[in-house]
Enquirer: 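Take this structure first; my questions come after.
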There are 2 protein chains.
Amino acid sequence: MLSFTEENYLKALVQLTGFEVGSKEVGVNKLASKLNVKPATVTDMVKRLKEKSFVNYKKYGKISLTDSGEKLGMFVVRRHRLWETFLHDQLDFSWNEVHELAEDLEHIHSEKLINGLDKLLGYPSFDPHGDAIPNSKGEIFIPFRKTLSEVEVNESCRVVAVKDNSSDFLQYLDKLGLKINDTIKIIQLEEFDSLTTIKINDKQFVVSPKFTENIYVVCPTCGKAKNCTC
Amino acid sequence: MLSFTEENYLKALVQLTGFEVGSKEVGVNKLASKLNVKPATVTDMVKRLKEKSFVNYKKYGKISLTDSGEKLGMFVVRRHRLWETFLHDQLDFSWNEVHELAEDLEHIHSEKLINGLDKLLGYPSFDPHGDAIPNSKGEIFIPFRKTLSEVEVNESCRVVAVKDNSSDFLQYLDKLGLKINDTIKIIQLEEFDSLTTIKINDKQFVVSPKFTENIYVVCPTCGKAKNCTC
DNA sequence: TAATAAAGTTAGACTAATCTAACAATTTTT
DNA sequence: AAAAATTGTTAGATTAGTCTAACTTTATTA
Ligand SMILES: [Mn+2]
Ligand SMILES: [Mn+2]
Ligand SMILES: [Mn+2]
Ligand SMILES: [Mn+2]
């Protein structure tokens, strides 16, 4: 059985090498800062994870997940996102309250519990932040999306997810009244400092790249993010 | 914040000194065997709990809970029993599957979560085994009950709780088809070896004291266990 | 290519929770 | 009251996960 800590390492590796763009490998320092521990600690732990065949690694080299490591990490993500959905849908938690608690709940080991939860929630595909939920086989299907910063002036788009899940950002979105599935129209873009004027539900706001780069959107008509001919 | 282990000690102390009959104090050996650790381990831990003012204790003396220790222990029991009820009522777990999982879930710290669960479940008073659930103030109300072994021949009674929560016992009850709220009639008692003939839903069984001493019942008419004049 | 910077490792230490084995105090029995 | 049994404590060891400080390897830059 995996310890909480081992699970956190595997989940972090999935997040850093799995569904993020870029490489399938990661360095000790990056993993350490993701987990808020010192590099020395990671070196130690990675050796143990290698012992158990969850990672590929050699001294001074990069770290990557083995198939079994990736699968286990993916299940932690599944549990995390299902709990977030449960808290949000069944217990009326807001989207900025669910993450912290899910960090604990994700370590409860029971396939029956998690599949029961999945059923209770109606087999949701996305969590309250719009992130895809891995299925009971550990498979995840992430739809193509682009960030709001990639949308042209005068175009409209539909919000499908939030990239930055921090409580600060989510509360800012609440202040703006922005929710998943809302439509945003780009009114104007100031090239000089990238400040963008947008319209959400007929209300107009000026937002910075910190906003536009952290909102995932698709075409409101066809639901695609690429090659949309609408 | 309390560790899992500290919480388990406080819960065990509540169970041994709180709602069981008898003394409000307990010895190191008894606590050790309840927690499946060695007495030496308990001595150590009890010193730490005393440091934090959760127990009263002096060398070679008995252990008892302080008010704050009892309150915290009672909240662990509340969480445990609410989770058991959730698993049973919402996720269709049987009453012999809930305990083990609740042993883990009871350590998730969130007042909001637990009160949300309480509301979702309709503020239940009893868990799937018939045990009283402490309320959000940490108060518990345990109704008077007697064991089936105290019921006279030819009398009927209603099952309100199960004393032995072991999976083995619960599965035996399932085999007999016995559930909370069922009515049992004592048909005959063999004084020699205390074997008892009972009737559950018109079916007759011969059971041993291991059964009759582990089933809590009340009068089917007035719901009382003492001074019933029905 | 040599110097410097960045990234990674090692050694040694700490804490919480546990154990075993030896010992000490208390209680019960004779 | 002495012996025996029970109950509880102490000392020393172990394990997982973490840290700091010193050191080594690899990468970047001049
Ligand atoms: Mn989250
Ligand atoms: Mn999420
Ligand atoms: Mn239980
Ligand atoms: Mn119970």
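None of the values given here were measured: they were computed from a predicted structure. First the proteins, then the strands, lettered A, B, ... as listed; each starts at 1.
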Enquirer: For residues 95-124 of chain B, which residue pairs qualify under salt bridge (charged side-chain N to carboxylate O under 4.0 Å, His left out), counting only residues two or more places apart or in two chains?
Expert: A:Glu97-B:Lys112, A:Lys112-B:Glu97, B:Lys11-B:Glu103, B:Lys11-B:Glu106, B:Arg78-B:Asp118
Enquirer: Taking everything shown except A:Lys30 itself, do over 12 heavy atoms lie less than 6.0 Å from its NZ?
Expert: no
Enquirer: Checking side-chain polar atoms at under 3.5 Å, does B:Trp95 have a donor or acceptor matched by the opposite partner on B:Asp174?
Expert: yes
Enquirer: Going 5' to 3' along DNA chain C, between which two nucleotides do contacts with chain A fall, using a heavy-atom cut-off of 4.0 Å?
Expert: C:dA7 to C:dT10
Enquirer: Residues two or more places apart in sequence or in another chain: which of them pass side chain to side chain donor-acceptor pair (under 3.5 Å) with B:Lys52?
Expert: B:Glu6
Enquirer: Using a cut-off of under 3.5 Å, enumerate the N/O to N/O pairs linking the protein to nucleotides 10-17 of chain D.
Expert:
{"from": "D:dT10", "atom 1": "OP1", "to": "B:Lys59", "atom 2": "NZ", "distance (Å)": "2.9"}
{"from": "D:dT10", "atom 1": "OP2", "to": "B:Lys47", "atom 2": "NZ", "distance (Å)": "2.9"}
{"from": "D:dG17", "atom 1": "OP1", "to": "A:Ser3", "atom 2": "OG", "distance (Å)": "2.6"}
{"from": "D:dG17", "atom 1": "OP2", "to": "A:Arg48", "atom 2": "NH1", "distance (Å)": "2.4"}

Enquirer: Extract from the structure each pairing of a protein N or O with an N or O of nucleotides 3-5 of chain D at less than 3.5 Å, listing the distance.
Expert:
none

Enquirer: Between the main-chain N or O of A:Tyr57 and the side-chain N or O of A:Lys50, is there a donor-acceptor pair closer than 3.5 Å?
Expert: yes
Enquirer: Please report the distance, rounded to the nearest Å, between NZ in A:Lys38 and C1' in D:dT20.
Expert: 9 Å
Enquirer: Could you work out, with side-chain contact (heavy atoms from CB on, under 4.5 Å) as the rule, every residue matching A:Val218, not counting sequence neighbours?
Expert: A:Arg158, A:Val160, A:Ala225
Enquirer: Rounded to the Å, how far apart are B:Lys62 NZ and D:dT7 P?
Expert: 8 Å
Enquirer: Testing the 3.5 Å rule here: is there a donor-acceptor pair between the side chains of B:His99 and B:His129?
Expert: no
Enquirer: Could you please spell out the steps behind the side chain to side chain contact (heavy atoms under 4.5 Å, CB included) verdict for B:Ile108 and B:Ile114?
Expert: CA-CA 9 Å; B:Ile108 301 290; B:Ile114 221 65; over 6 Å; no
Enquirer: When rounded to the nearest 0.5 angstrom, what is the spacing between OH in B:Tyr9 and OG in B:Ser3?
Expert: 9.5 Å
Enquirer: Going by an N to O cut-off under 4.0 Å, is there a salt bridge joining B:Glu7 and B:Arg79?
Expert: yes
